[in-house]
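Down below is the structure, laid out as structure tokens.
Both counts, for ligands and for their atoms, begin at 1 and track the order of listing. Since the model is a prediction, treat every value here as computed from it, not as a measurement.
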Amino acid sequence: MRIVLFTGKGGVGKSTVAAGTAALAAARGERTLVISTDAAHSLADAYDAAGAAANATNGSAEPTEVAPNLHLQQVDAQLRFEQSWSDIQRYLLSVLDAVGMDPVAAEEMTVIPGAEEVLALLELRQHARSGRWDVIVVDCAPTAETLRLLALPEALGWYLERLLPIQRRLVKALRPVLNRAAGVPMPGDAVFDAITRLHGELDDVQALLSGPEASVRLVLTPEKVVLAEARRAYTSLTLFGYRVDGVVANRVFPADAVDPWRAGWVEAQRTVLEEVAQSFSGLPVWVSEYRPAEPLGVDAVRALAGELYGDDDPLAPPVGEGPFRVTRSADGGAVAHLSLPFVTRAEVGLARNGDELVMTVGSYRRLLTLPPGLARLKVAGARVVAGELRVRFVEPASAGSAGTAATQAGEAR
Ligand SMILES: Nc1ncnc2c1ncn2[C@@H]1O[C@H](COP(=O)(O)OP(=O)(O)O)[C@@H](O)[C@H]1O
Ligand SMILES: [Mg+2]
């Protein structure tokens, strides 16, 4: 199964290109689902599918078939998730209140970041596991929300991992008191089970989307500000471990300039397109012309995608090592390689917190849980080489029996 996500600045053509790519896949005979995580749904508009739009507003859970093999799912049931989370939250608040915690602090503790986006991820996971689809195309929200969405499984996992044991301990200690106190609901195991399950499911989503079957494509128009945002998105996506496998330059003016106004645009776009090629060297840059009319309908978006990819296979699995890999060095240490295009060493914040590596680039922070082989080692230094952050790890003790003891301790965990 192949998962392709499309993101980029608002209005650049994400939905159009996502819809077109899905239509192309379906025409090849792949069982294709196209799903939107953008609250401003326009997939149904791109397909000109009145039925699908009606379904979406009805909150229909079943995807709508808009063409043979081509199914459209708009996630509109956000309410459902918020409802179940608010049950959990209300319960936690009552517990924290019962132990005398300041309500504001308690509220803070139980608010999960981005609850409204979680449902889209869970829906995606369910479809991916259903075995019904060969291809899932995801039409994402504009860049910032998409990054929030894609950073969520890890952030939330981190949060739940810490919250859960605290709550369990708290409740265990309080059970006798709570039993006697009137009006305090007892913590049904169902609440904990719900949290634990959510945690596991988000782990799945993370593994799915950062795995070798999934990739993200950046859609842009050849304008300086749009390119700047796409470059930042590229950095952040790789920071979070996602594979970017191509760039779509959309709405490119045909070169046959007929008047000074268009000649001006053609020239300006040409300059930016050169920068695009340089910025994303190593990635394919697929170009799509500015059409004389909005590409609407399955045939129109499929035609657009057909011209866009040309002879390239739009479903080719991403190549290369992936954004994160570890190499061993001869001295028993290791180097963690993390793709981070466009940054200098000075722009990367790096800290160690137990078995986590805390990386900060701009306003984005990633808590990378180190694989056990690295977690027992010590960070000796880091540098940025050729778009890659390299963190060097060494044995905590220089040599001899101390090193062996550390190894055993590390493996015993
Ligand atoms: N290559 C193109 N030529 C002409 N119009 C386009 C092209 N690509 C997209 N559009 C139109 O631009 C508008 C925005 O596209 P859309 O795919 O909805 O962007 P996004 O999903 O990024 O917000 C739509 O009206 C769409 O039909
Ligand atoms: Mg859109």
Side-chain angles (χ1 to χ4, degrees), residues 4-24 33-50 52-53 56-57 66 70 72-76 78 116-117 120 123-124 136-150 216-223 225-234 237 244 246-257 261-262 265-266 268-270 272-273 276 285-310 314:
V4 188
L5 298 92
F6 290 89
T7 190
K9 204 168 159 57
V12 293
K14 296 178 295 295
S15 299
T16 304
V17 175
T21 305
L24 213 52
L33 178 75
V34 55
I35 186 168
S36 168
T37 68
D38 192 354
H41 297 303
S42 55
L43 272 176
D45 299 330
Y47 286 135
D48 223 359
T57 41
V66 293
L70 181 59
L72 168 59
Q73 169 93 74
Q74 314 221 50
V75 182
D76 268 314
Q78 254 111 352
E116 70 275 12
E117 277 126 342
E123 192 99 31
L124 178 63
I136 299 182
V137 173
V138 188
D139 172 29
C140 295
T143 326
E145 287 104 282
T146 300
L147 285 166
R148 204 161 82 107
L149 179 83
L150 293 180
V216 186
R217 291 182 188 160
L218 294 167
V219 185
L220 54 80
T221 50
E223 286 142 343
V225 282
V226 181
L227 171 59
E229 181 168 316
R231 285 169 55 105
R232 284 193 297 271
Y234 187 25
L237 285 165
V244 176
V247 176
V248 175
N250 188 27
R251 293 230 205 109
V252 176
F253 285 106
D256 51 343
W261 180 83
R262 210 163 92 185
W265 272 110
V266 169
Q269 287 198 338
R270 201 184 51 76
V272 180
L273 280 172
V276 170
V285 177
W286 297 296
V287 176
S288 174
E289 276 197 353
Y290 208 139
R291 306 266 159 155
E294 283 181 285
L296 296 179
V298 176
D299 292 341
V301 293
R302 189 181 52 231
L304 183 142
E307 279 174 35
L308 178 73
Y309 295 111

Can I get a per-line list of side-chain donor-acceptor pairs under 3.5 Å for residues 248-257, giving both atom names and the distance, sequence neighbours left out?
unit_1: Asn250; atom_1: OD1; unit_2: Ser288; atom_2: OG; d: 3.2
unit_1: Asn250; atom_1: ND2; unit_2: Val12; atom_2: O; d: 2.9
unit_1: Arg251; atom_1: NH2; unit_2: Gly11; atom_2: O; d: 2.9
unit_1: Asp256; atom_1: OD1; unit_2: Arg262; atom_2: NH2; d: 3.0

Task: Whether Thr143 side chain and Gly8 backbone form a donor-acceptor pair below 3.5 Å - done: yes
Open item on the list: Restricting to side-chain contact (heavy atoms from CB on, under 4.5 Å), what partner residues turn up for Glu307, sequence neighbours left out?
Closed with: Arg291
Task: Backbone or side-chain N/O/S of Ser15 under 2.8 Å of the Mg ion (ligand 2) - done: yes
Open item on the list: I'd like to check the ring pair (Phe, Tyr, Trp, His ring centres under 6.0 Å) partners of Phe6; sequence neighbours left out, ordered by chain and number.
Closed with: none
Task: pair Leu33-Val137: side-chain heavy atoms closer than 4.5 Å - done: no
Show me a pair-per-line table, with atom names and distances to 0.1 Å, of protein N or O atoms that are under 3.5 Å from an N or O of ligand 1.
unit_1: ligand 1; atom_1: 1 (N); unit_2: Asn250; atom_2: OD1; d: 2.8
unit_1: ligand 1; atom_1: 1 (N); unit_2: Glu289; atom_2: O; d: 2.9
unit_1: ligand 1; atom_1: 3 (N); unit_2: Arg291; atom_2: N; d: 2.8
unit_1: ligand 1; atom_1: 8 (N); unit_2: Asn250; atom_2: ND2; d: 2.9
unit_1: ligand 1; atom_1: 12 (O); unit_2: Arg251; atom_2: NH2; d: 2.8
unit_1: ligand 1; atom_1: 17 (O); unit_2: Ser15; atom_2: N; d: 3.3
unit_1: ligand 1; atom_1: 17 (O); unit_2: Thr16; atom_2: N; d: 2.8
unit_1: ligand 1; atom_1: 17 (O); unit_2: Thr16; atom_2: OG1; d: 2.5
unit_1: ligand 1; atom_1: 19 (O); unit_2: Gly13; atom_2: N; d: 3.1
unit_1: ligand 1; atom_1: 21 (O); unit_2: Ser15; atom_2: N; d: 2.9
unit_1: ligand 1; atom_1: 21 (O); unit_2: Ser15; atom_2: OG; d: 2.8
unit_1: ligand 1; atom_1: 22 (O); unit_2: Gly11; atom_2: N; d: 3.4
unit_1: ligand 1; atom_1: 22 (O); unit_2: Val12; atom_2: N; d: 3.2
unit_1: ligand 1; atom_1: 22 (O); unit_2: Gly13; atom_2: N; d: 2.9
unit_1: ligand 1; atom_1: 22 (O); unit_2: Lys14; atom_2: N; d: 2.8
unit_1: ligand 1; atom_1: 22 (O); unit_2: Lys14; atom_2: NZ; d: 2.8
unit_1: ligand 1; atom_1: 23 (O); unit_2: Gly11; atom_2: N; d: 2.9
unit_1: ligand 1; atom_1: 25 (O); unit_2: Glu294; atom_2: OE2; d: 2.4

Open item on the list: Under 3.5 Å, is there a donor on one side chain and an acceptor on the other for Thr221 and Tyr290?
Closed with: no
